[in-house]
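First the proteins, then the strands, lettered A, B, ... as listed; each starts at 1.
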Amino acid sequence: MSDDSSTAKAAASGEGSARGRGTAGSGSEGGREHGAQVAVTAGGGSAVSAGSSGDPARAAALAFGDAWTYAPSVEARDHVKLASRYELFVGGRWVAPSSGRYFETLNPATEEKLAEVAEASEKDVDLAVQAARSAYERYWSKLRPLDRGKYIYRIARALQEKAREFAIVESLDGGKPIKESRDIDLPLAIAHFFYYAGWADKLAYAFPGQNPRALGVAGQIIPWNFPLLMAAWKLAPALATGNTCVLKPAETTPLTSLLLAKVIEEADLPPGVVNIVTGAGATGAALAQHQGVDKVAFTGSTEVGKRIQRQLAGTGKKLTLELGGKAANIVFEDAPLDQAVEGIIAGIFFNQGHVCCAGSRLLVEEGIHEALVRKLRDRMATMRVGDPLDKNTDVGAINSRAQLDRIEELVAAGEREGATRYTLGCPLPQRGYWFAPTFFTGVSQSHRIAREEIFGPVLSVMTFRTPDEAIEKANNTMYGLSAGVWTDKGARSFWVAQRLRAGVVWANTFNKFDPSSPFGGYKESGFGREGGRQGLLAYLEVE
Amino acid sequence: MARGSKQDAGRGAPQAAGEGEAAAGEASASQEGGFAQPARVGIRKAYKMFVGGAFVRSESGRYTQVPEHAGVAGENRENVPRASRKDGRDAVKVAHEAWAGWAGRTAQNRGQILYRLGEMLDARRGELSGSLERGGVAAGAAQAEVDATVDRAIAYAGWTDKYQSLFASLNPVAGPHFNFTSPESLGVVVIVAPERPALLGLAGAILPVITAGNTCVVLASTADPRTAITFAEALATSDLPGGVVNILTGSVAEVLPHLARHVEVAALDLHGLEPALRKSVEEDASGSVKRVHARKLSEEGWFDAAATESPRWIERFVELKTIWHPAGQ
């Protein structure tokens with residue numbers, strides 16, 4: 001995102017009405033947070049002078065008027081042809097579900113049906129696991145490792161060629177802005193296949209003296225927030241290490257996994273090496289519990305992750321879990337504030353906040369709280385919420401009605417428990433699932449919005465006075481997936497990073513990902529790592 | 001008959017002074033069914049659990065009795081504390097309190113302390129092998145087990161400042177960022193030591209866990225809890241901070257389920273549990289997403305140094321943290 005947040009493009013009256021009052025839900029704008037009459041041109045942040053409530057300087061706010069109203073720039077989708085119905089991809093063939101049942105997948109931005117997708121029953125899952133086992137024994141385990149890698153390279157190449165199509169379908173099916181699916185999801189997914197393809201023939205060097213061996217059949221269950229990227233995170237390392245896979249995409253976002261199955265088919269992978277079974281929770285449970293699966297990899301909520309861990313108790317199956325988070329994003333007084341604001345925005349509003357590692361708890365050193373909140377509001381005023389296929393869009397549609405309900409419930413709890421809400425006043429489309437970017441101030445650690453994963457564009461702002469207090473508050477959570485720290489002092493950033501109980505720490509940056517960089521949680525955010533050499537371990541037996 | 005005689009004689013090294021007399025006494029006692037007065041009355045040790053660096057009885061006041069030798073029924077028995085649920089919770093508390101200090105020591109200092117443990121174990125060779133013999137292990141095998149235990153401590157003393165460079169990585173991310181991954185400790189690990197080998201299995205399970213900066217609560221072998229306590233006496237004199245290793249004796253099936261549900265426990269390392277208990281404990285552990293490692297090595301397996309001193313044993317008990325930082329002007 002660009003860093004022109006503090007440059008006012010225009011001045012107009014009162015921010016609340018500046019861009020038209022939206023339909024962001026009744027009462028979504030905290031009355032106490034309304035901007036006043038004065039518009040300020042803030043150059044490099046100097047315009048913000050903290051003062052007490054009622055102080056004209058405090059009341060002053062940036063207002064952009066119509067200057068930020070962009071003409072729509074909608075990605076063309078005429079070259080994307082979706083089938084009206086998708087079957088299961090099992091043993092290299094497209095097969096109808098034994099149940100005969102299909103479910104609809106919707107475009108969350110319009111609530112229109114995109115396609116019908118097969119619902120895999122226990123029996124279908126069984127067939128898929130059998131196909132994977134047979135493919136493991138007949139082909140995949142006998143293949144020269146370099147050739148195994150070549151198949152994975154083929155997948156990466158084909159995805160590059162079809163990247164635009166995949167990006168559009170990802171945005172259609174999941175609601176994420178096209179600029180994210182185009183510039184983040186697709187490039188990262190492709191990079192993941194490229195990265196792990198190269199490991200296939202180098203495993204003995206990755207774990208010298210430890211005799212690394214494939215496990216067999218991997219059952220993989222992925223969430224709806226990064227549908228294709230999560231498929232890549234699961235399939236690429238599993239295939240590179242010599243396992244065969246049964247992958248279950250989320251029920252609200254099955255389409256890019258099914259397009260990926262098509263790519264895999266076209267890449268001539270041996271039949272059954274990758275099987276895609278679509279369905280909801282019951283399909284996932286059938287896969288996780290299947291006796292023929294040697295390894296289960298799950299990304300999703302902590303609640304479901306615990307259930308899977310419980311179901312696998314005593315079976316000796318290998319399990320990795322990448323679960324929820326409630327990341328602290330700590331901003332010290334000496335931080336480069338404009339960059340920190342960009343990081344905060346990227347941390348919480350990226351992908352509508354449907355990010356397990358989202359920086360959803362902002363911990364601000366007390367002295368800069370007001371200034372930072374001001375800058376945050378100003379920067380939010382430039383955000384565009386709307387059509388995911390519009391290339392200008394910053395925040396797309398909430399993935400599903402169920403998720404919107406969950407966000408609204410927690411936001412209501414935040415108001416009930418006494419935190420102060422600020423929601424960006426912006427027009428929202430009439431149809432579809434939407435939630436405008438929101439933050440709460442005056443949040444205490446015991447509030448639900450500070451403890452529970454909201455998985456939406458909702459930030460909880462808290463303060464601290466000393467570095468020790470920041471650490472104490474940051475670690476006061478059952479989660480431990482990620483965290484952020486913003487400071488100009490190198491020694492302090494490492495001191496903080498060492499003490500944060502989280503698997504990924506972003507110092508002076510946030511929400512960065514790379515296939516070579518291990519990702520995964522501490523505590524109840526799960527165990528195992530994805531990415532990097534360490535990510536191979538999830539799919540290998542070593543001594 | 002001959003009550004206590006072997007006990008008195010057998011404590012410590014088998015050739016302890018006074019044994020000849022005691023053995024003779026035992027022989028004479030059988031003649032008359034009367035009382036055989038040993039030449040010197042021995043001292044009996046009160047066996048206590050090791051928690052927070054101190055030797056303690058169970059808060060419950062309960063005990064179990066352990067036969068003098070495996071297979072000897074009835075008479076010659078010694079009392080060993082039977083840990084309660086509260087003993088387990090107390091141990092987790094002190095282990096958790098000790099964690100930051102232990103993990104915060106330099107890796108080199110942890111190595112010095114583990115090397116010191118090796119020295120203390122070596123100095124107690126006779127006592128340890130005697131204890132194993134009283135637990136039913138033949139003399140030669142007992143000495144071999146003690147040797148292997150001392151060696152294992154030395155091997156892990158060397159690992160404390162080296163595993164990091166094997167697990168860590170500098171990650172070549174596609175962007176202007178400095179990105180690296182390094183291991184950190186998990187926290188409190190609950191260990192169920194194998195029944196046998198009672199000494200080598202105990203030490204072999206504890207060493208990788210504390211090498212990585214974790215602290216632990218250990219449920220000792222129920223077949224030979226005395227040896228675990230004698231091992232704790234070596235720990236107590238090895239400069240290991242109190243609370244880093246806590247050893248409880250008693251019934252695993254009674255205490256373990258509570259520890260498996262304790263949210264301050266980060267991981268379980270279960271050796272040789274019977275399947276039903278293992279399953280229920282793993283179910284309990286899912287409540288707070290504990291890392292669970294359940295294994296059953298053969299007795300010989302514990303003597304396989306190449307396998308049990310592999311860094312993989314340490315890797316099970318670390319978290320990996322990845323740190324990103326932009327590189328720019």
Looking only at B/Arg312, B/Arg291, B/Lys290, the option with the highest number of non-hydrogen pairs under 4.5 Å against chain A is B/Arg291
Tell me, side chain or backbone of A/Ala502 under 4.5 Å from chain B's heavy atoms, or both, or neither? backbone
Would you mind telling me which of A/Gly532, A/Gly305, A/Gly526 has the largest number of heavy-atom pairs within less than 4.5 Å of chain B? A/Gly526
Please identify, among A/Gly520, A/Gly521, A/Ser525, the residue contributing the most non-hydrogen atom pairs under 4.5 Å to chain B. A/Gly521
Measuring from B/Asn171:CG to A/Arg533:CZ, what's the distance to the nearest 0.5 Å? 9.5 Å
Which region of A/Phe494, side chain (C-beta onward) or backbone (N, CA, C, O), has a non-hydrogen atom less than 4.5 Å from a non-hydrogen atom of chain B, or is it both or neither? side chain
Portion of A/Glu524 that has a non-hydrogen atom of chain B nearer than 4.5 angstrom: both
Given a strict heavy-atom distance threshold of 4.5 Å, which part of A/Leu319 is in contact with chain B: side chain, backbone, both, or neither? neither
Options B/Ser310, B/Pro311, B/Pro326, B/Ala294, ranked by heavy-atom pairs under 4.5 Å with chain A, top entry: B/Pro326
Identify which part of A/Ser493 has an atom lying under 4.5 Å from any heavy atom of chain B, answering side chain, backbone, both or neither. side chain
Do the side-chain N and O atoms of B/Ser169 and A/Gln534 include a donor-acceptor pair separated by under 3.5 angstrom? yes
Quick check for you: to the nearest 0.5 Å, what is the distance between A/Arg501 atom CZ and B/Lys321 atom NZ? 7.0 Å
Note: vs chain A, highest number of non-hydrogen pairs under 4.5 angstrom among B/Ser288, B/Ala266, B/Ser182 is B/Ser288
B/Val292 versus chain A, heavy atoms under 4.5 Å apart: side chain, backbone, both or neither? side chain
Given B/Lys279, B/Arg295, B/Glu319, the one with more heavy-atom pairs under 4.5 angstrom with chain A than any other is B/Glu319
Toward chain B, the part of A/Leu323 with a non-hydrogen atom under 4.5 Å: side chain
Which answer fits B/Ala168, side chain, backbone, both or neither, if we ask what part of it has an atom under 4.5 Å from a heavy atom of chain A? backbone
Non-hydrogen atoms of chain A under 4.5 Å away: do they reach the side chain of B/Leu273, the backbone, both or neither? neither
Taking A/Arg310 for its side chain and B/Ala285 for its backbone only, find out whether a donor-acceptor pair lies under 3.5 Å. no
OG1 on B/Thr322 to CH2 on A/Trp506, rounded to 0.5 Å: 9.5 Å
Top residue by heavy-atom pair count (under 4.5 Å) with chain A, among B/Gly187, B/Gly287, B/Ala307? B/Gly287
